[in-house]
2 protein chains.
Amino acid sequence: MARRATKPASDDLDVRKATILEAVVSEHIDTNQPVGSSSVASSADIGVSPATVRSEMVSLEREGYLAQPHTSAGRIPTDKGYRYFVDHLENGVLGVAQQHQISDFFANVRGEVEDVLEQTSTLLSQMTSYTSVVVAATHAHASILSAQLVNIDAHHQLLVTVFSDGSVVKHSLTPSFDVDYETCAETSRQLNALLIGTTLETAVQVPSRQDHVAQLVRDAVAALHAQQPTADGEKVFIGGSSHVADSFDGVETVRKVLSILEQELLVVSLVQDMLSRGLSVAIGTENGFEPLSTCAVIVAPVTIDGLPAGAVGLLGPTRMKYQEAMAAAGAVSRHLARHFGGDEEHANH
Amino acid sequence: MARRATKPASDDLDVRKATILEAVVSEHIDTNQPVGSSSVASSADIGVSPATVRSEMVSLEREGYLAQPHTSAGRIPTDKGYRYFVDHLENGVLGVAQQHQISDFFANVRGEVEDVLEQTSTLLSQMTSYTSVVVAATHAHASILSAQLVNIDAHHQLLVTVFSDGSVVKHSLTPSFDVDYETCAETSRQLNALLIGTTLETAVQVPSRQDHVAQLVRDAVAALHAQQPTADGEKVFIGGSSHVADSFDGVETVRKVLSILEQELLVVSLVQDMLSRGLSVAIGTENGFEPLSTCAVIVAPVTIDGLPAGAVGLLGPTRMKYQEAMAAAGAVSRHLARHFGGDEEHANH
DNA sequence: GTTAGCACTCAATTGTACCGAGTGCTAGCC
DNA sequence: GGCTAGCACTCGGTACAATTGAGTGCTAAC
């Protein structure tokens, strides 16, 4: 009660305690069962009896790394225990088969950026058996390459805007007056003159004239700049949500997690939040969403030509296989960066 | 064994049998429990004793409408039993609250078609507590209003095509030669001359010259016409997949169903198949996918200005609340048609 | 044709005993 | 002083039997 021996406040543990903790965590990840002192003691490199392990476990429990479901059961890692485990994990290497799987995928993938990202998310979830998340960053900073107003019919026009990052956005206009082809063409010309080279963050000077073309230009610019800062253009691709069903016990947990995944905005903000806090793994309550308190989330930022371009992530139970999952996420993120970056081809073959 | 009394082959039942069957089905839908003879007997308008009900049930079981989990349990409807029930359901009316919910939604909804459909799917799943599916038909028959080649950089061009149904499609081109702005503009002009007014099913005569512009035109047309007939442009929006978790007992079933839902092509073909067979409800094995054999699927086609434009659907357990669900799907489908059809506004306000 | 009565079946529940994995503590050992 | 063998104790899980009760099928009488 009074004096503790060596490391009081530091989060560093005794070598032996660390070994024990790691043994408990990895065995629990394997078996999903409470881990007892004897199986830890027999676990290879601990030359010490179960009794000793036990007393160390008591201490680890007092310090919050382990917990006991009930008196006569083994120990389970707490979030803090997992955290220690993850922090002291050396970077894993991917199996050769998986490396090949990734390379093959990126060698053969076709289609537009969105298609590639969607398939990437499927790949990642198949590789890991966890639910995967691929987030493509907003194009708020991309400049406009082209803006064109297309006449659907007299009362419906479509503003089609192409950005320098290759994204295309459409906005419907429904003016109260009739519009003909020529008016559209003229509006397109003025829009191009006005918008090309600007970003969505640039303020532009719209014409104040009262004619129809000016009116359309104003409407178009307004529609374009009206992007909700929330829906912001991030695209999210979620793959393998069926894995949620086998990652968690308890239907209620499954429902909660699925229900979070349905809200893409939440997912985006979770990932963004982790990136901004510099976290690559969020364990249990660390992610800030109560319904996800039995989940762990792994993210790996994707950086293309030095710029943040999004992230890939994995969501699994706290008892997930961190090393494998982190290695997979990392590898896929690097491949993505290479695929879209620099001198490489942009999307299509 | 020899003679049966009245209706031998017809799928029509005795009035009393029908009443009993309906009582069993609706009580089982309410309780998710096998239904016994006595609770059917006491169920209102059957002026008959449990014993009589029992002997009728034996006969219903022989004819395949009911099944018994085990000897001393009540009866459960078979798929055939549900089918009879559904076929003899008079059209339900939606609750006032729900009618309001739908009207409010469509009065306030903003954004492009895709956004509206996505939100519609969320609406439908929230109203019914089932997983919803919204399918927007392909634009194979829509004609091209505009085709433009935009220069991303010297080696990357984006072909942006606008169709008469308001859809916008992009295709990346990566020619092996450098392309400048003027080449792009000229290509765009030729593409427009060539493509405007055609559909993707129209064959077009591409130029056979060897200059860069002609090359680009050929590439662009090829990319445009290369649409997989499968991925065909149908958009699918799935809402409320978390409801899968509380619709089914058994993690394995949940996993299977989610895993089907992940494969959008499967979902589309399921819906298309049902539409082409003129089915509005597929119960259990009727839907043709083994993993969905404990599911029922409801679809309601969406017809805009007389043309098939897609469908809305609901997926739940075979013991779903058919009347409510069908009413909801029907109402939403009608509102969608009105929202996008005729003189109404196209998408935006 | 209907039904009351009855014997029967079988899942679900309850109670009991037991096993064993795992613990915490302590006394003795190195 | 740290480690460990030994031991009493805890408590979830399992196995088994007894009991309950919802529900059936059959039959004889109305």
Side-chain angles (χ1 to χ4, degrees), chain A residues 1-7 13-21 23-25 27-28 30-43 45-63 65-78 249-250, chain B residues 1 3-7 13-21 23-25 27-28 30-43 45-63 65-78 81 249-250:
Chain A
M1 242 168 255
R3 306 194 62 224
R4 200 73 51 72
T6 32
K7 291 92 186 173
L13 293 172
D14 216 310
V15 179
R16 196 168 66 185
K17 275 188 189 162
T19 320
I20 291 174
L21 177 54
V24 171
V25 174
E27 182 163 340
H28 181 256
D30 277 354
T31 63
N32 197 16
Q33 296 288 330
V35 181
S37 56
S38 59
S39 71
V40 171
S42 64
S43 128
D45 44 0
I46 305 181
V48 112
S49 82
T52 313
V53 173
R54 248 167 356 240
S55 71
E56 294 286 47
M57 280 173 141
V58 174
S59 143
L60 281 167
E61 182 170 0
R62 239 196 328 260
E63 295 169 52
Y65 293 99
L66 294 178
Q68 223 175 352
H70 56 85
T71 327
S72 69
R75 301 306 207 289
I76 284 182
T78 60
D249 349 276
Chain B
M1 238 169 258
R3 306 195 61 224
R4 201 72 53 73
T6 31
K7 291 90 188 172
L13 293 173
D14 216 310
V15 178
R16 197 169 64 186
K17 275 187 190 162
T19 320
I20 291 175
L21 177 53
V24 171
V25 174
E27 181 163 339
H28 181 256
D30 278 354
T31 64
N32 197 15
Q33 295 289 327
V35 181
S37 56
S38 60
S39 72
V40 171
S42 64
S43 129
D45 43 359
I46 306 181
V48 111
S49 83
T52 313
V53 172
R54 257 185 326 259
S55 71
E56 294 286 47
M57 278 172 140
V58 174
S59 145
L60 282 168
E61 182 170 358
R62 237 195 330 258
E63 296 170 51
Y65 293 99
L66 294 178
Q68 222 176 354
H70 56 85
T71 326
S72 70
R75 300 306 207 289
I76 286 183
T78 60
D249 348 278

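Naming: A, B, ... by sequence-line order, numbering from 1 per chain.
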Going by heavy atoms in the side chains, are [X] and [Y] under 4.5 Å from each other?
X	Y	result
B:R54	B:I20	no
A:N32	A:D249	yes
A:E56	A:V48	no
B:M57	B:V24	yes

Taking side-chain contact (heavy atoms from CB on, under 4.5 Å) as the definition, give me every residue that meets it alongside B:S49, ordered by chain and number, with sequence neighbours left out.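 Residues passing side-chain contact (heavy atoms from CB on, under 4.5 Å) with B:S49: B:A51, B:T52.
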Using OP1 and OP2 only, check whether a side-chain N or O of A:S49 sits under 4.0 Å from D:dC3.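 Checking D:dC3 against A:S49, no side-chain N or O comes under 4.0 Å of OP1 or OP2.
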For every nucleotide of nucleotides 9-24 of chain C, 5' to 3': is a protein heavy atom under 4.0 Å from its base (B), only from its sugar-phosphate (S), or from neither (-)? BBS---------BSBB
Which whole-number value in Å describes the distance from A:R16 CZ to D:dT4 C1'? 11 Å
